[in-house]
Q: 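What follows is a structure written as structure tokens; I'll ask about it next.
Lettering of chains follows the sequences in order, A, B, ..., and the numbering in each one begins at 1.
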Number of protein chains: 2
Amino acid sequence: MNENPMFSPVRVGRAGEDVALQIEAAIMDGRVKPGERLPSERDLHVQFGASRGVVREALRALKQKGLIEIKKGAKGGAFIKEAELHNASESLGLFLKLQRISAQSLIEFRESMDRTITTLAITRAEAAEKQELLEGAIQLGNLLNKDDPDMDAVHELDRRLNIRLARMTKNPVFEWIMRAVQLGLSSHDAVLYEDDEYRSRTAGNWRETAQAIADNEPLKALSYIGYHYVMLQKCLEDREVQEDNQRAEGQDADFWASTPDIPGP
Amino acid sequence: MNENPMFSPVRVGRAGEDVALQIEAAIMDGRVKPGERLPSERDLHVQFGASRGVVREALRALKQKGLIEIKKGAKGGAFIKEAELHNASESLGLFLKLQRISAQSLIEFRESMDRTITTLAITRAEAAEKQELLEGAIQLGNLLNKDDPDMDAVHELDRRLNIRLARMTKNPVFEWIMRAVQLGLSSHDAVLYEDDEYRSRTAGNWRETAQAIADNEPLKALSYIGYHYVMLQKCLEDREVQEDNQRAEGQDADFWASTPDIPGP
DNA sequence: AGTGTTGAATGGCAGGACCATTCAGGAGGA
DNA sequence: TCCTCCTGAATGGTCCTGCCATTCAACACT
């Protein structure tokens with residue numbers, strides 16, 4: 001490393017970008033491979049002939065891009081990561097969020113995706129994968145049947161089931177889009193599991209869908225998916241009605257204030 | 001701003017991320033709007049109670065995410081950017097390269113998108129929009145029939161036609177996803193218009209598809225789309241065969257070198 | 001009125017210092 | 001011999017201070 005430095009000094013004016021580009025290039029050509037460790041910040045700042053702050057900025061940028069992972073302590077440093085979908089999805093999800101896209105549009109898109117994904121998954125996934133999906137769906141039902149369901153866990157499991165299904169298409173593009181849409185939808189999404197009736201039905205529906213997939217019954221599966229989204233639409237409409245009512249309440253708050261429903265001890 | 005600081009001091013240990021998250025949150029809920037300017041680094045490092053270096057790292061991370069743009073000099077600073085797809089597409093392209101995602105996967109995804117989009121566009125678009133699409137497809141054919149077709153223009157028009165079609169669904173998600181995939185794929189994509197036979201057929205096929213959409217004939221349109229992607233597959237396979245041959249040439253270069261097919265002047 | 005100059009604001013960079021975390025290896029005891 | 005605890009070195013995280021380059025607006029000068 002010292003006899004044949006991997007990196008060269010940088011131009012002024014945009015030293016940070018230059019450093020980041022050089023390291024990124026090294027990763028791209030495979031001069032450094034996943035799992036390997038880059039030199040320490042203190043070594044790099046010598047090799048590049050730039051200040052440590054500049055090197056740090058570059059490393060943070062690469063970390064943000066998902067190319068490296070940074071560990072503290074002795075034997076720490078910047079390690080090249082395996083390519084991950086997460087960051088690509090995050091960028092797209094960020095964008096979708098910023099576009100303030102209506103829940104309707106996202107849901108419509110998700111339904112069309114789900115239909116394609118399900119069809120592909122049935123034809124391509126191994127039986128074992130289908131079985132795992134079914135077990136996950138059953139587990140989701142169990143979580144929701146508890147007295148005090150942990151909604152975070154439910155939400156997370158639902159997310160994982162969708163990604164697992166997408167992965168069963170054997171086409172990573174579907175997984176990328178699914179993750180991005182989930183991130184972009186996250187704000188609306190939490191809402192949908194709040195409704196008691198909807199969430200119990202939706203868990204059952206997940207189970208039926210997974211069962212149909214495991215049984216290689218594409219039409220049945222698509223039918224359950226259709227039902228799922230009909231429920232979702234209805235749930236959304238109900239919520240809008242509720243919100244309208246709440247706005248009306250806000251204008252006439254005294255009425256409710258005079259009828260406390262939680263008596264003191 | 002001074003009486004009611006927008007940001008709060010940060011915890012130690014991950015100050016940089018904390019700063020970035022707070023600013024990102026401020027952008028997300030619209031507390032700062034696109035085009036507006038954030039306080040200067042020197043102001044922020046006071047508001048956050050962190051060092052200027054930390055603030056700088058946070059700003060660079062946000063810049064990398066595509067959320068802000070940084071200008072030097074007086075009246076410079078960090079400006080909130082309009083949401084842009086560019087970064088999402090770049091991340092996708094990065095991932096595709098690192099993972100060596102096959103063109104097959106992308107094409108499969110595009111075909112499924114196209115089918116959904118076409119169906120929706122037929123039911124939702126105005127007659128005028130369908131007519132414009134048809135005219136664009138005809139124009140594409142004219143471009144390709146010239147003696148020396150401008151391939152950049154052809155490519156660009158093809159891109160625009162796809163986006164126009166996506167917009168006809170009246171669902172912005174389809175348009176954004178289409179744009180993201182197009183940008184992320186630009187590297188693979190250019191290849192496909194190089195083949196003479198493929199590109200003349202594909203232009204004709206675009207015209208037929210647009211005509212079917214204008215005529216409200218969804219099945220016909222889907223059928224043409226299917227044909228389009230069959231051609232694409234075939235074109236790709238041909239190219240792979242060609243590349244294999246070229247590799248074979250490399251291994252046995254003497255044979256071909258001894259049979260020059262371009263005689264000298 | 002036009003033009004050149006200057007100064008302030010701002011981001012970019014350098015270098016040094018110290019802290020917190022992590023891990024390997026050694027010291028000491030069971 | 002083996003286990004536990006401690007210590008020190010390596011490393012990233014943070015802070016500070018200073019200076020430079022760029023940009024723009026206000027001002028002075030012609």
Q: So, taking the atom named CG in A:Leu133 and the one named OG1 in A:Thr209, what distance separates them when rounded to the nearest 0.5 Å?
A: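 Separation between the atoms: 9.0 Å.
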Q: Could you tell me the separation between the CD atom of B:Glu69 and the C1' atom of C:dT10, rounded to a whole number of Å?
A: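 The distance from CD of B:Glu69 to C1' of C:dT10 comes to 15 Å, rounded to the nearest Å.
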Q: Is there a donor on the side chain of A:Arg56 or the base of D:dG12 sitting less than 3.5 Å from an acceptor on the other?
A: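 Absent.
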Q: If I take atom CG in residue A:Asp43 and atom P in nucleotide D:dT11, what distance separates them, rounded to the nearest angstrom?
A: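 Distance, rounded to whole Å: 7 Å.
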Q: Set out, in order, the CA-CA distance, both residues' side-chain angles and the distance that settles salt bridge (Lys or Arg N to Asp or Glu O under 4.0 Å) for A:Arg159 and A:Glu156, then state yes or no.
A: CA-CA 5 Å; A:Arg159 206 179 63 80; A:Glu156 176 66 13; 3.2 Å; yes
Q: Which whole-number value in Å describes the distance from A:Ile70 CD1 to D:dT14 P?
A: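 Rounded to the whole Å, the gap is 11 Å.
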Q: Just by distance, no angles: are the side chains of B:Ser51 and B:His45 close enough, under 3.5 Å, to form a donor-acceptor pair?
A: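 Short answer, no.
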Q: Pairs under 3.5 angstrom, nitrogen or oxygen only, protein versus nucleotides 22-25 of chain D, please.
A:
residue, atom, partner, partner atom, Å
D:dT23, O2, B:Ala74, N, 2.9

Q: Among D:dC16, D:dG12, C:dG11, which nucleotide has an atom closest to any side-chain atom of B:Glu41?
A: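 The nucleotide sitting nearest to the side chain is C:dG11.
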Q: Does any non-hydrogen side-chain atom of A:Arg179 lie less than 4.5 Å from one of A:Ile163?
A: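 SC-SC contact between A:Ile163 and A:Arg179 confirmed.
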Q: Should we count CZ of A:Arg124 as having more than 12 external heavy atoms under 6.0 Å?
A: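 More than 12 within 6.0 Å, yes.
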Q: I need the CG-C1' distance between A:Leu59 and D:dT11, as an integer number of Å.
A: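 Between C1' of D:dT11 and CG of A:Leu59: 12 Å.
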Q: Measuring from A:Ile213:CD1 to A:Ile225:CD1, what's the distance to the nearest 0.5 Å?
A: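 It is 6.0 Å, given to the nearest 0.5 Å.
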Q: Could you give the CG-to-P distance, from A:Asp18 to C:dG12, as a whole number of Å?
A: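 Whole-Å distance recorded here is 15 Å.
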Q: Expressed as a whole number of angstroms, how long is the span from A:Arg42:CZ to D:dG12:P?
A: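 Whole-Å distance recorded here is 7 Å.
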Q: If I take atom CZ in residue A:Phe48 and atom C1' in nucleotide C:dA14, what distance separates them, rounded to the nearest angstrom?
A: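 After rounding, the reported distance stands at 16 Å.
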Q: Which whole-number value in Å describes the distance from B:Arg52 CZ to C:dG15 P?
A: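 That distance rounds to 16 Å.
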Q: Please walk me through it: do B:Asp114 and B:Met178 pass side-chain contact (heavy atoms from CB on, under 4.5 Å)?
A: CA-CA 9 Å; B:Asp114 273 357; B:Met178 176 65 78; 3.5 Å; yes
Q: Identify all stems in which DNA chain D takes part, counting only runs of at least 3 consecutive pairs (Watson-Crick or G-U wobble, each distance under 3.5 Å), and give each as one range with another, ordered by first number.
A: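 DNA chain D stems, ordered by first number: C:1-30 with D:1-30.
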Q: Give, for atom CG of A:Leu44 and atom CD of A:Gln47, the distance between the pair rounded to the nearest 0.5 Å.
A: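 It comes to 6.0 Å.
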Q: When you look at B:Lys81 and B:Glu69, which way does the salt bridge (Lys or Arg N to Asp or Glu O under 4.0 Å) test go after all the steps?
A: CA-CA 6 Å; B:Lys81 280 215 296 190; B:Glu69 175 187 19; over 6 Å; no
Q: When you measure from the side-chain N and O atoms of B:Ser51 to the phosphate of D:dC15, is any distance below 4.0 Å, counting only OP1 and OP2?
A: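 Checking D:dC15 against B:Ser51, a side-chain N or O does come within under 4.0 Å of OP1 or OP2.
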